[in-house]
Amino acid sequence: ACKSISVRYAHSPVYRIGGDEFAVILTGSDYYDRELLFASLNREEEKNIGTEHPVFAAGMAVFKKGYDDEFEAVFSRADKLMYERKSNLKAGNYR
């Protein structure tokens, strides 16, 4: 999973924040291309379902200046979206 994330976001640091949880702080072109990269990551994960390749769920949130006071707010939004994605993947609702 980390390899898939690191390859996709080649210009940004990837951090392991828990046993199987990772966070990426998008920089440069990865930030500007974030929607395309995220969609590509999701498509790859959908193709991995039913194969020997890892399947994982991801969520993405962007810092909102004047709205977010701390990192935790951004992380919470991304985490919520990740759990929604995970639920949808398990239910087969991803296309």
Side-chain angles (χ1 to χ4, degrees):
C2 185
K3 183 177 179 181
S4 292
I5 296 167
S6 297
V7 167
R8 184 82 60 236
Y9 300 102
H11 303 101
S12 301
V14 178
Y15 300 95
R16 183 176 182 195
I17 59 172
D20 63 351
E21 293 185 2
F22 299 89
V24 183
I25 307 300
L26 299 179
T27 60
S29 61
D30 289 349
Y31 176 79
Y32 295 109
D33 296 335
R34 65 188 176 274
E35 297 292 337
L36 293 172
L37 292 170
F38 191 68
S40 175
L41 182 69
N42 283 331
R43 282 192 306 274
E44 178 183 339
E45 295 318 304
E46 291 167 6
K47 288 191 319 189
N48 288 348
I49 294 171
T51 73
E52 72 280 356
H53 299 290
V55 176
F56 58 90
M60 180 176 66
V62 176
F63 176 81
K64 298 176 185 176
K65 189 175 182 177
Y67 178 79
D68 293 318
D69 294 330
E70 55 189 37
F71 171 79
E72 183 61 34
V74 181
F75 182 82
S76 291
R77 284 197 308 275
D79 201 46
K80 180 179 182 237
L81 292 169
M82 182 273 302
Y83 278 106
E84 288 175 12
R85 173 73 171 161
K86 184 176 182 178
S87 177
N88 285 329
L89 284 171
K90 285 183 176 184
N93 300 326
Y94 48 86
R95 300 223 184 258

Q: Evaluate the criterion side chain to side chain contact (heavy atoms under 4.5 Å, CB included) for residue pair D79 and M82; output intermediate values, then yes/no.
A: CA-CA 5 Å; D79 201 46; M82 182 273 302; 3.5 Å; yes
For the pair [X] (side chain) and [Y] (backbone), establish whether a donor and an acceptor sit closer than 3.5 Å, ignoring hydrogens and angles.
X: R34; Y: M60; value: no
X: N48; Y: V55; value: no
X: T27; Y: H11; value: yes

List the atom of [X], the atom of [Y], and the distance in Å for their closest heavy-atom pair.
X: F22; Y: I17; answer: N-CG1, 4.1 Å
X: S12; Y: L26; answer: OG-CA, 3.4 Å
X: L89; Y: F56; answer: CD1-O, 3.9 Å
X: A78; Y: A61; answer: N-CB, 3.6 Å
X: D30; Y: Y9; answer: OD2-C, 3.2 Å
X: P54; Y: A1; answer: CG-N, 3.8 Å

Could you state whether [X] and [Y] fall into the same hydrophobic cluster, counting links through intermediate Ile, Leu, Val, Met, Phe, Trp or Tyr residues with side-chain heavy atoms under 4.5 angstrom apart?
X: F75; Y: Y15; result: yes
X: Y31; Y: V14; result: yes
X: F71; Y: L81; result: no

Q: Evaluate the criterion salt bridge (Lys or Arg N to Asp or Glu O under 4.0 Å) for residue pair E45 and K86; output intermediate values, then yes/no.
A: CA-CA 11 Å; E45 295 318 304; K86 184 176 182 178; over 6 Å; no
Going by heavy atoms in the side chains, are [X] and [Y] under 4.5 Å from each other?
X: S6; Y: K3; answer: no
X: R8; Y: S40; answer: yes
X: I25; Y: F63; answer: no

Q. Quick one: do the E72 and S76 side chains pair a donor with an acceptor below 3.5 Å?
A. yes
Q: First locate atom CZ of R43, then atom CD of E46, and finally report the distance between them rounded to the nearest 0.5 Å.
A: 8.5 Å
Q: Apply side-chain hydrogen bond (donor to acceptor under 3.5 Å, both in side chains) to D68 and list each qualifying residue two or more places apart in sequence or on a separate chain.
A: R77
